[in-house]
Number of protein chains: 2
Amino acid sequence: MPETARRADRPGDHRPGNRYGNRPTMKDVAARAGVGLKTVSRVVNGEPGVTPDTERRVQEAIEALGFRRNDSARVLRKGRTASIGLVLEDLADPFYGPLSRAVEEVARAHGALLINGSSAEDPDREQELALALCARRVDGLVIIPAGDDHRYLEPEIRAGVATVFVDRPAGRIDADVVLSDNFGGARDGVAHLIAHGHRRIGFIGDMPRIHTAAERLRGYRAAMEDAGTAVADGWMSLGGTDPERVRRAAEEMLSGPDAVTAVFTGNNRVTVTVIRVLAALSRPVALVGFDDLELADLLQPGVTVVAQDAAALGRTAAERLFRQLDGTLLAPERIELPTRLVERGSGEIPPSG
Amino acid sequence: MPETARRADRPGDHRPGNRYGNRPTMKDVAARAGVGLKTVSRVVNGEPGVTPDTERRVQEAIEALGFRRNDSARVLRKGRTASIGLVLEDLADPFYGPLSRAVEEVARAHGALLINGSSAEDPDREQELALALCARRVDGLVIIPAGDDHRYLEPEIRAGVATVFVDRPAGRIDADVVLSDNFGGARDGVAHLIAHGHRRIGFIGDMPRIHTAAERLRGYRAAMEDAGTAVADGWMSLGGTDPERVRRAAEEMLSGPDAVTAVFTGNNRVTVTVIRVLAALSRPVALVGFDDLELADLLQPGVTVVAQDAAALGRTAAERLFRQLDGTLLAPERIELPTRLVERGSGEIPPSG
């Protein structure tokens, strides 16, 4: 017997060259059970019209052959796939962990599978991923958008794909949106520093084209204006959240005659780096950060933050998605969830110098 | 004109009652372009035999109608789907963030979409999710297993689905496995405490049925035995990682005549709670934790950890998966990645009392 033939028959050989070539079909099940194809189809899809004895024979054949229903075929027949997609910005950002889990829990409560992927803050990649999920016929999409033009989704929405945007709004289409109150949260956080005597307050945020970053900057400006405080150019720095960029920005606004006595940071990635910069300084500088951090309460001083409820964002978005699919929502809405100021010490340090 | 008819035609009405009913088909494209169905199919699938002028007309019809290829249909025809699944344990555990992102980056480099879901540490849910992904015909699965019996995957593996287990081994099947050196890492961490003079050392870990928890306990026992130190029963506590359970376990082993002078924690969830317990004590207690934490270096004292390389785990697993799909791997292997002891202060505190 030639070597290749022996190989293919060897038990435990799990890597046939011809993938998918030997997956058992309903035809195989029908042949083994000695019944017609339609009978197998009835059993597989839980339809009536099969005697208990025949059903048992079919089930035995299914188990013996290891047959599994191909859901790709069902999608073509039935339309709905009982799956939803989630387009994240970054799988590794801890802010999205509780948000993803909340979406998954709502999906599961509706008997749907959650399919995830990330755009890595690249609008092209967001579009590619969203359309790839639509091509696999998800029933709906929860999107944390990287881009600001979502007209590419219009044919999908017309075709019935439910869509909800979360954390950031949709661009150039009318859609359900669930956001935190980024403007109000930032304004409150900066007002808190002002209430503790600060006037020279710096702002370090993410790239200005990101909605949340722009809104939080607007909140900073509003609080400063409310206090009648002019903002020096050097006190605002927007850009990527890589530690080197943030570190340089912080060091610059913390030096010179106009040095700030307090910093407001625009998100958790920025806060983590600024905490490191401030820890190395000899004088105390106040800090309030947007987004909570896991060990923020154990640092010396504890880090005062404007906390978002990431789980509530995910839950609210997913629930709206399933209400769209149920047909109980009529018009797109914009929902804003409140933020919460958590005082822990760093935001209550008085101005020095 | 009746209200319903007007509604369906109104531009911007994105929620038709009959979902999927009005998605344009290849037939619609063919009709609009004035060509045959086969010609549209050739253009959509990039096949030769179409004149540039005809291709342009078909493309214009595709754009005008918002037609998108249905990948479910392609799966049925071609076998491969250019997608892989990742079954996680918990979407919200920060350890899995860098791991997921690394898997996604490798998938993307191979032109594949990553589909994610979590088992929430429930073996039934792991099986349900893994089989649901197989039913949607992913080419391969990277699994962080919750269960210890994976024979349910045998028909899938025989059918050609590539599988790699990561973080924890497969149960009762022969499969590729990528792990951290959990035993060696824990033994080194406990030996580090012993080298700093500790003999009464506690161990708090996750549920003993979880492979990583059991291996780390084994490492603890080995280090204690190497040092000729008998382990009191009250020094070991395994169970869930919920803060209340961990807090009680820590408080018990830190009180009484046999109180420990150092604690080794079995994972990041446990470490976070034990840090809180130790911060509230009046005497210093040494701590080494398995897994790194984002702000561990900024706490007072900094937290000494046995760090895993979560990104390397994900990358290695995903690369093996694609090598299986390429047919360049012959036999399943078990790969163990080293851990790294990071000294930051908490693990170098001498025994007190």
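A, B, ... follow the sequence lines: proteins, then strands. Residue 1 opens every chain.
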Study note, to complete from the structure: CD1 of I275(B) to OG of S346(B), rounded to nearest 0.5 Å, is 7.5 Å
Exercise for review: Look up atom CG in D93(B) and atom CZ in R101(A), then write down how far apart they are to the nearest 0.5 Å.
Suggested key: 9.0 Å
Review point. Does any N or O in the side chain of Q324(B) come within less than 3.5 Å of the main-chain N or O of A162(B), such that one atom is a donor and the other an acceptor?
Key: no
Exercise for review: Could you tell me whether the side chain of D139(B) and the main chain of I84(B) form a donor-acceptor pair under 3.5 Å?
Suggested key: no
**Study point:** For chain B, the option from D90(A), L133(A), L99(A), L86(A) that forms the most heavy-atom pairs under 4.5 Å
**Key:** D90(A)
**Study point:** Side chain T265(A), main chain V270(A), donor-acceptor under 3.5 Å
**Key:** no
Point to revise | Donor-acceptor under 3.5 Å (D176(A) side chain, E333(A) main chain) | key: yes
Point to revise | Which portion of E128(A) sits near chain B, non-hydrogen atoms under 4.5 angstrom | key: side chain
Point to revise | Donor-acceptor pair, side chain of D28(A) and main chain of T25(A), under 3.5 angstrom | key: yes
Check your understanding: Under 4.5 Å, heavy atom to heavy atom, which residues of residues 111-118 of chain B contact chain A?
Key -> L113(B), L114(B), I115(B), N116(B), G117(B), S118(B)
Check your understanding: Does the distance from a Lys or Arg side-chain N to an Asp or Glu carboxylate O, for R32(A) and E63(A), drop under 4.0 Å?
Key -> no
Study note, to complete from the structure: Assert top hit (heavy-atom pairs under 4.5 Å, partner chain B, pool E156(A), E105(A), E104(A)) equals E104(A)
Review point. Given that the side chain runs from C-beta out, which part of R108(A) has a heavy atom under 4.5 Å from chain B: side chain, backbone, both or neither?
Key: side chain
